[in-house]
Amino acid sequence: PAVVSVHTKQRVRVNTPFGDDPMFRRIFGIPEERIAESLGSGVIVDARRGLVLTNHHVIEGADDVSVTLDDGRTLQAEFVGSDPDTDVALMRIPAEKLTALTLADSDRLRVGDFVVAVGNPFGVGQTVTSGIVSAVGRKGLPGLGFQNLIQTDASINPGNSGGALVNLRGELVGINTASFNPRGSAAGNIGLGFAIPANLAHEVMRQLLVYGEVKRGSLGLE
């Protein structure tokens with residue numbers, strides 16, 4: 001019940017070969033904008049305050065975000081803040097009869113530990129997959145920012161992003177964020193899934209609550 005489905009809507013401008021000519025738009029019935037919708041997952045980590053962790057890429061650019069709970073309720077979500085570099089975002093929903101997951105110490109994870117991924121893959125509804133921790137501290141993946149990822153062979157497919165990776169005590173050890181497949185994410189999972197460690201997600205959440213952003217030291221080098 002602590003894992004939720006995240007629905008986003010975004011107004012996207014419709015481009016045409018005729019540019020912005022309003023006469024052509026009227027003749028051909030081309031709208032100025034369309035509504036793009038997408039699905040992801042999230043995890044309630046504080047039931048009293050209604051705090052939900054998800055991925056930055058799940059809610060990036062969204063004009064409207066709603067959360068559907070396991071009991072069928074759909075609630076409007078308030079954006080608290082996000083950190084693109086770690087792909088962590090924090091939302092707030094009305095705190096009524098919520099269930100939260102306890103955060104584990106993800107630094108204690110070891111290769112071979114059993115884990116379970118919970119999310120909403122392909123929008124089919126809440127789904128559970130099991131596997132083991134394949135690696136910790138994984139870096140060097142293309143297209144992601146700061147990386148210190150948990151690798152798992154528990155299936156993580158499109159729509160699982162932002163969902164929970166839990167240990168066998170039901171504690172949150174990671175936020176599912178990506179899967180790797182040379183044929184593209186739509187091809188499904190081939191045993192290469194990645195999650196943001198709970199300790200990192202918790203520190204990002206703490207800073208987002210205090211500052212609204214993540215503040216990092218800089219050496220002035222790149």
Side-chain angles (χ1 to χ4, degrees), residues 1-10 37-104 106 115-129 145 149-150 156-167 170-178 193-214:
V3 179
V4 301
S5 297
V6 179
H7 310 264
T8 67
K9 293 181 180 180
Q10 181 180 9
E37 298 187 43
S38 62
L39 285 170
S41 304
V43 184
I44 300 170
V45 291
D46 188 322
R48 184 179 61 84
R49 293 186 288 178
L51 298 178
V52 180
L53 281 174
T54 188
N55 287 145
H56 168 78
H57 78 261
V58 168
I59 55 89
E60 182 179 11
D63 299 303
D64 180 79
V65 181
S66 61
V67 166
T68 300
L69 307 183
D70 184 52
D71 62 12
R73 286 182 290 164
T74 297
L75 307 170
Q76 285 298 118
E78 173 195 352
F79 177 73
V80 176
S82 69
D83 179 43
D85 289 327
T86 54
D87 199 23
V88 173
L90 182 64
M91 306 180 294
R92 184 182 287 112
I93 59 175
E96 298 175 5
K97 298 179 181 178
L98 301 180
T99 301
L101 272 179
T102 301
L103 274 68
S106 56
V115 287
V116 173
V118 189
N120 181 20
F122 299 106
V124 300
Q126 191 172 102
T127 301
V128 178
T129 55
L149 299 169
I150 302 164
I156 296 172
N157 289 301
N160 265 122
S161 293
L165 189 71
V166 302
N167 59 25
E171 300 166 332
L172 185 72
V173 295
I175 301 292
N176 300 324
T177 189
F194 300 92
I196 301 157
N199 288 358
L200 175 58
H202 183 260
E203 172 58 20
V204 170
M205 181 179 78
R206 185 191 69 80
Q207 291 208 44
L208 291 176
L209 285 170
V210 175
Y211 308 117
E213 61 179 352
V214 174

Run Val52 and Met91 through side-chain contact (heavy atoms from CB on, under 4.5 Å) and show every step you take.
CA-CA 5 Å; Val52 180; Met91 306 180 294; 3.8 Å; yes

Within the 4.5 Å heavy-atom criterion, are Phe194 and Ile150 side-chain neighbours or not?
no

Can you tell me if Ser106 uses its side chain to pair, donor with acceptor, with the backbone of Asn199 under 3.5 Å?
yes

Closest heavy-atom pair and its distance - Ala2, Ala100:
CB-C, 3.9 Å

Could you go step by step and tell me if Leu149 and Thr177 meet the side-chain contact (heavy atoms from CB on, under 4.5 Å) rule?
CA-CA 9 Å; Leu149 299 169; Thr177 189; 4.2 Å; yes

If you round to the nearest 0.5 Å, how far is CD1 of Ile196 from NE2 of His202?
15.0 Å

For the pair Asn55 (side chain) and Val58 (backbone), establish whether a donor and an acceptor sit closer than 3.5 Å, ignoring hydrogens and angles.
no

Taking Gly163's backbone N and O only, do any of them form a donor-acceptor pair with Asn160's side chain (distance below 3.5 Å, no angle check)?
no

Nearest heavy-atom contact between Gly162 and Val43 is O-CG2, 3.5 Å

Under the side-chain contact (heavy atoms from CB on, under 4.5 Å) criterion, do His7 and Val67 qualify, and how do the steps go?
CA-CA 6 Å; His7 310 264; Val67 166; over 6 Å; no

Enter the distance from Leu53:CG to Ile175:CD1 here, rounded to the nearest 0.5 Å.
5.0 Å

Residue pair Thr68, Thr74: steps toward the side-chain hydrogen bond (donor to acceptor under 3.5 Å, both in side chains) verdict:
CA-CA 4 Å; Thr68 300; Thr74 297; 3.1 Å; yes

Ignoring hydrogens and angles, tell me if any N or O in the side chain of Thr54 forms a donor-acceptor pair with the backbone of Ser41 under 3.5 Å.
yes

Side-chain heavy-atom pair Leu103, Val45 within 4.5 angstrom cut-off
yes

Side chains of Arg48 and Leu98: does their closest heavy-atom pair fall under 4.5 Å?
no

Is any side-chain heavy atom of Asn120 closer than 4.5 Å to a side-chain heavy atom of Thr127?
no

Please lay out, stage by stage, how Val166 and Val115 fare under the test side-chain contact (heavy atoms from CB on, under 4.5 Å).
CA-CA 6 Å; Val166 302; Val115 287; over 6 Å; no

Nearest-0.5 Å distance, NE2 of residue His56 to CG of residue Leu90:
13.5 Å

CG of Leu172 to CG of Leu101, rounded to nearest 0.5 Å, is 5.5 Å

Are any non-hydrogen side-chain atoms of Val214 and Thr86 less than 4.5 angstrom apart?
no

Heavy-atom closest pair, residues Thr8 and Ala62
CB-CB, 3.8 Å

Kindly indicate, with the supporting measurements, whether the criterion side-chain hydrogen bond (donor to acceptor under 3.5 Å, both in side chains) is fulfilled by Asp64 and Gln76.
CA-CA 8 Å; Asp64 180 79; Gln76 285 298 118; 2.9 Å; yes

CG on Asp63 to NZ on Lys9, rounded to 0.5 Å:
11.0 Å

Heavy-atom closest contact (Ala117 atom, Ile156 atom, distance)
CB-CG1, 4.5 Å

Is there a side-chain contact between Leu209 and Arg92, using heavy atoms and a 4.5 Å cut-off?
yes

I need the Leu69 CG to Leu75 CG distance, nearest 0.5 Å.
5.0 Å

N/O donor-acceptor pair under 3.5 Å between Asp46 side chain and Gly50 backbone
no

Gln10 and Glu60, any side-chain heavy atoms less than 4.5 Å apart
no

What's the shortest heavy-atom distance between Ser82 and Leu208, and which atoms?
N-CD2, 3.7 Å

Considering all heavy atoms of both residues, which atom of Arg73 and which atom of Glu96 are nearest to each other, and what is their separation?
NH1-O, 2.9 Å

Using a 4.5 Å cut-off on heavy atoms from C-beta on, say whether the side chain of Met205 contacts that of Val88.
no

Is the backbone N or O of Val3 less than 3.5 Å from a side-chain atom of Gln126, with the two atoms forming a donor-acceptor pair by type?
yes

